[in-house]
Amino acid sequence: MNIKNFFTKRNIFILIGVFAVIIIAIIVLVSVFGGKPSKDLIAAVDTAWTAGQTEDQPAFLSKLDELSSYKLNSVKREDDTYIISATVTAPNLGGQLSELDSSELPQNNNAEDINDFLCKQIEKSETKEIKALIYAYKINGEYHITFSDEFADAMSGNLYEYSQKTYLEILQKYEEGELK
Amino acid sequence: MRRLLAILLCVAILLPCVCVGVNAKEDYTFYKINIDAGSGTIGEKAIVQDGEIYISADSFTNYTRFSFDEKTKTFLIRGQELKKAFKSVVIDIAKKKMLVSGKKFFELSDCFEIEGKIYLPLCQMLPVLNADIYEVKDNTIYISNNKLSLAEVLYDFDISDYYFNISTEFYDMDWAALLTIVPNYVWDTVVNVRFDRLDILYNSGEYNDYKDAFSDFLSDDNLYLKAMAEDASAIDSAVEFFNKANSTAKDMKSVYGWVEAAGKSEISSETGGVLLDSLKAYYDSGELKTDDLKGLNDAWTGEKISFGDCIEILTYAYTYATQVEDNRQMLNAVYNVDSKVSNKETARKAAKQVYDLYGDNIVPALYKEIATTVASDTLKDLSPIGVYTATAKVAGVVLETFMPFKPGEIAKLPVYSNVVLSAASKYRSYDTTTDESTEKLRLSLLLCMIASKKCFEVMGDVFDEDASYYNNKSEKIEQLIMGLYIAEENTEFDSFEHFEKYKKVNLKKIAASKLLNHLEEYQLTEAEALKIAKKLISRYETYDNMGVACDLKVDDNLSSAESEAIWEMLPDDIQGAYGGYPEKSMCCKTYEEAKKHVYDCIDSSLATYISEAHVSYNDELFFFMGNKGGVTYQNVYLKEYNNERIIASAELYGSGDNYCGTYKFIIEKKGAYKIFGIAEELRPVNFNNTYWNLTFGQTMGTQYVARFHSDGTILAFCSGSGQFSNGKYKYTNGELIVTLESYKNIVFNQIAEEFQSIQKYKMQVGENYYTITQTEGSYFLQQYEKAQQEEKLKSVKKVFPGCYKSSEKHKTNSGIKTGRYEGFWVGVDNGYSYITLRADRTFSIQTNVDHTNHKIISPVSFEGEYVLYKRTVTYPNDSTGYSRALILYFEDYVLAWYEAEDNYFGDQSSGYDYIG
């Protein structure tokens with residue numbers, strides 16, 4: 001086909017229409033499913049998360065850090081708010097502890113013993129994969145990262161949820177008279 | 001190369017000379033600058049440079065709540081220690097900088113070190129030290145200190161001592177020990193160590209749980225109410241201010257008219273202005289309409305309530321609205337509800353929802369409802385707390401229509417504790433570098449504490465047997481929350497952002513006042529020297545807790561029971577630190593310290609007069625006593641004051657030596673017993689036209705009220721004889737010698753501001769001292785004026801025997817008595833008016849009257865002395881335009897009065913009448 005004949009007025013309109021549909025589809029897809037997070041954003045999230053880690057932290061936390069990971073899948077932007085969808089893969093330590101009978105728990109308050117105990121439990125824990133959100137706010141050109149508690153809890157082996165649940169159970173048992 | 005070396009050598013030689021710079025200057029000129037921070041004017045020794053005033057660092061302790069430590073060059077709130085202080089100001093003289101709260105350096109305009117004293121810029125330092133120049137008037141700089149600020153509220157504050165930490169609370173539970181070992185450990189590690197470092201929002205929990213919790217926090221007014229009751233000064237001053245503006249407001253005949261007056265200088269003030277500005281803003285925006293305050297207005301104009309009550313109600317409405325707004329903003333400080341909130345963020349979403357529900361429109365709604373409803377009921381209790389309670393009741397109803405809240409339950413504990421953790425995490429991320437950050441620091445801590453308090457209350461409900469432990473926790477937090485509410489007003493003084501702005505404002509006030517245009521060189525007078533002594537005394541700070549514990553047992557005369565009673569009064573931490581009830585022998589050393597303290601409290605030049613001082617105990621009062629060198633402590637007493645402070649006032653009598661004065665020691669009984677002795681200034685006596693009551697003689701009839709003059713003379717009025725007489729006096733170093741009528745050379749000693757004779761004299765019953773006490777002089781002046789008038793009247797009466805003194809009512813036409821008076825007569829004859837005045841029937845002067853201008857035309861002199869026309873002749877016209885009365889005044893005396901009949905003067909007696 002002669003290229004000159006292709007650029008008829010009719011074909012040009014069709015082309016413009018097709019491009020417009022493609023662009024709209026991309027916009028819709030990105031806004032619904034989100035785009036890929038930028039390198040800056042990934043770096044900001046990494047920096048924010050590792051800020052919580054220290055050299056002298058308890059051994060069980062180091063072990064959790066070693067075995068836990070996250071992947072940033074997509075990001076959805078609303079003005080200066082970025083909602084990042086992440087997948088966390090980490091040992092479900094909280095779940096593992098919940099399964100134990102009280103007699104299997106350490107019998108003293110020695111931090112070393114508890115640490116050893118937790119490290120062993122981490123090895124026994126199943127790996128759990130969950131989807132969680134991270135929020136980023138761009139203020140003065142810099143990202144401020146806020147982790148959802150699902151994310152933070154998952155990366156911490158679901159220990160926050162476990163502790164809170166345990167406390168509440170104990171309180172309720174006390175209130176119901178099971179504990180004196 | 002040689003040239004280079006020569007240059008370097010020159011530089012090396014000259015450099016030290018350059019570096020010595022300004023501070024090496026020796027010939028400073030010191031000026032006297034009057035400063036008043038509410039406790040009397042002090043003539044400060046100051047350097048003036050580039051429009052700024054430099055006063056010595058320790059002088060700031062007289063005008064602010066800060067003390068200055070010479071060694072460390074540090075300002076701290078009085079009584080605080082550096083390591084526990086929220087705010088500190090360290091001066092670096094060499095670099096001319098100051099480090100505030102260990103966080104930020106500020107350049108000083110300049111500073112000088114002269115003879116061991118550091119001189120710092122007044123305008124710059126005041127805002128840093130939580131004070132401000134209020135105004136400059138009558139050559140005096142008036143300084144106002146702000147109220148409670150974070151510097152006080154957060155002294156010795158560690159959030160972990162206050163906030164609810166679920167793992168800590170379970171840790172001590174024996175029955176739960178086994179079950180909680182692991183959760184306690186992981187909670188402590190994960191939450192308190194790791195999550196605190198991260199900006200994590202705890203969203204676990206249901207949306208509605210958060211919403212209920214937040215609503216609960218917002219509308220919990222108990223503590224705000226308590227805080228306001230403790231700090232009623234703001235409300236009191238607003239009420240006082242509006243009472244002063246009463247006349248202005250009454251002229252406007254409406255409550256809402258005040259809003260219009262907000263811009264008028266006569267009723268604008270910092271306190272009242274806030275209320276009016278707030279009202280005005282809502283009127284301007286249309287959210288409040290004039291009818292909205294009609295109920296209040298009607299109650300006032302109908303005289304059901306007073307104007308002051310109106311204002312009090314409105315002030316409380318404003319206060320309540322402010323509290324709601326304050327609590328609303330704490331949600332924003334923690335949950336950033338101003339930025340976009342995702343649906344997934346449960347807590348933030350709930351916070352935003354509550355934040356929006358209690359939106360701006362709640363405030364005018366509160367005004368309207370409170371103003372109308374409260375005013376329509378008769379307020380039984382018009383005390384500040386009573387009015388607030390009534391206000392809060394109505395406000396509560398209004399708030400409930402926006403969002404009813406439910407009481408906390410155990411199931412909400414996780415939600416509450418999540419809020420605690422989120423708020424604590426946010427609190428740690430804020431500092432005081434900016435206004436915004438400082439305010440958010442306060443607000444996030446406020447939310448953290450309110451939520452913590454709820455947690456402890458829930459725990460207290462569950463664990464009945466430990467209720468007192470949780471109540472104690474709760475009460476401790478309550479104090480903090482109240483402090484945080486009150487500190488709201490002053491957070492800008494806690495932040496660094498405004499230091500520069502207020503410095504400029506202060507400098508402008510000084511410049512505008514032209515205070516520095518007429519400087520007076522500083523000279524140390526005796527009075528100034530005594531004031532310096534006061535400064536020295538006030539610098540002496542505290543015992544530490546331990547020291548006080550010992551000091552309270554210093555007196556070997558105490559019985560065991562008394563010592564034990566003191567011990568019981570001590571705070572737990574002191575008892576704990578001491579490890580048990582100590583033996584008396586352990587206190588010997590500290591007895592010496594106690595004595596030293598009393599010496600140090602009193603300037604060294606005065607300490608020579610003190611032979612001993614001891615602290616004893618009696619029914620919760622402590623006594624300082626001592627005497628030496630002719631100076632006797634008398635009337636030493638301590639008085640309890642609002643359950644928190646004991647004020648000790650030691651009055652000292654002097655005889656022979658140069659001493660007299662009153663000292664006050666303030667013993668603060670808050671948490672620990674601290675003594676920060678402050679001596680009242682020694683009182684130089686002003687005998688320049690001052691008034692004194694002289695209680696002499698055997699009966700009341702021989703009492704005098706006298707005016708003392710600076711030339712050593714006295715003019716005294718004797719209440720018995722009703723006569724004035726002249727006397728003389730001599731005052732030297734607290735000794736006063738008076739001679740008056742039959743009382744010759746009576747010697748008095750000064751006691752504070754009064755005088756007492758050194759020996760007793762015979763009185764109506766037994767013997768007693770004569771006394772001379774100062775008075776304000778109105779009675780003397782009244783008597784003096786009366787005597788002068790009588791003298792004048794005597795001379796006037798010589799000339800005008802029939803005159804009488806006019807009064808206000810006599811100056812009106814209707815109020816003057818008619819009748820005949822001897823001595824004067826006025827005549828009008830066929831349009832030719834004349835007045836004939838005469839002192840007696842044998843002498844008269846005739847003059848013309850100008851009917852148009854209402855005065856006597858031709859000059860009338862009387863015996864060459866009295867010029868009558870210098871006052872006026874009035875004869876008000878009636879409706880016909882004719883004069884009906886003629887009143888003739890001479891100064892304040894009505895000489896003549898005449899009422900015409902038939903529009904014609906003189907008809908009463910054939911055209912002539914005698915009057916006056």
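It should be emphasised that the depicted structure is a prediction, and the values quoted were computed from it without experimental measurement. Reckoned from all heavy atoms, side chains included, excluding hydrogens, waters and symmetry mates. So you know, we letter chains A, B, ... as the sequences are listed, proteins then strands, and number each from 1.
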For E436(B), does the CD atom have more than 12 heavy-atom neighbours from other residues, nucleotides or ligands under 6.0 Å away? no
Could you look at [X] and say if it's the side chain, the backbone, both or neither that has a heavy atom under 4.5 Å from chain B?
{"X": "D65(A)", "value": "side chain"}
{"X": "E161(A)", "value": "neither"}
{"X": "A48(A)", "value": "backbone"}
{"X": "L93(A)", "value": "neither"}

CZ (F151(A)) and CD1 (I84(A)) are apart, to the nearest 0.5 Å, by 9.0 Å
Can you measure from CD (Q164(A)) to CG (N158(A)) and round to the nearest 0.5 angstrom? 12.5 Å
Side chain to side chain contact (heavy atoms under 4.5 Å, CB included) partner of I134(A), the single match among T146(A), L72(A), L41(A): L72(A)
Using a cut-off of under 4.5 Å on heavy-atom pairs, state which of L64(A), L159(A), T54(A), L118(A) scores highest against chain B. L159(A)
Looking at side-chain heavy atoms only, is the closest gap between Y162(A) and D153(A) below 4.5 Å? no
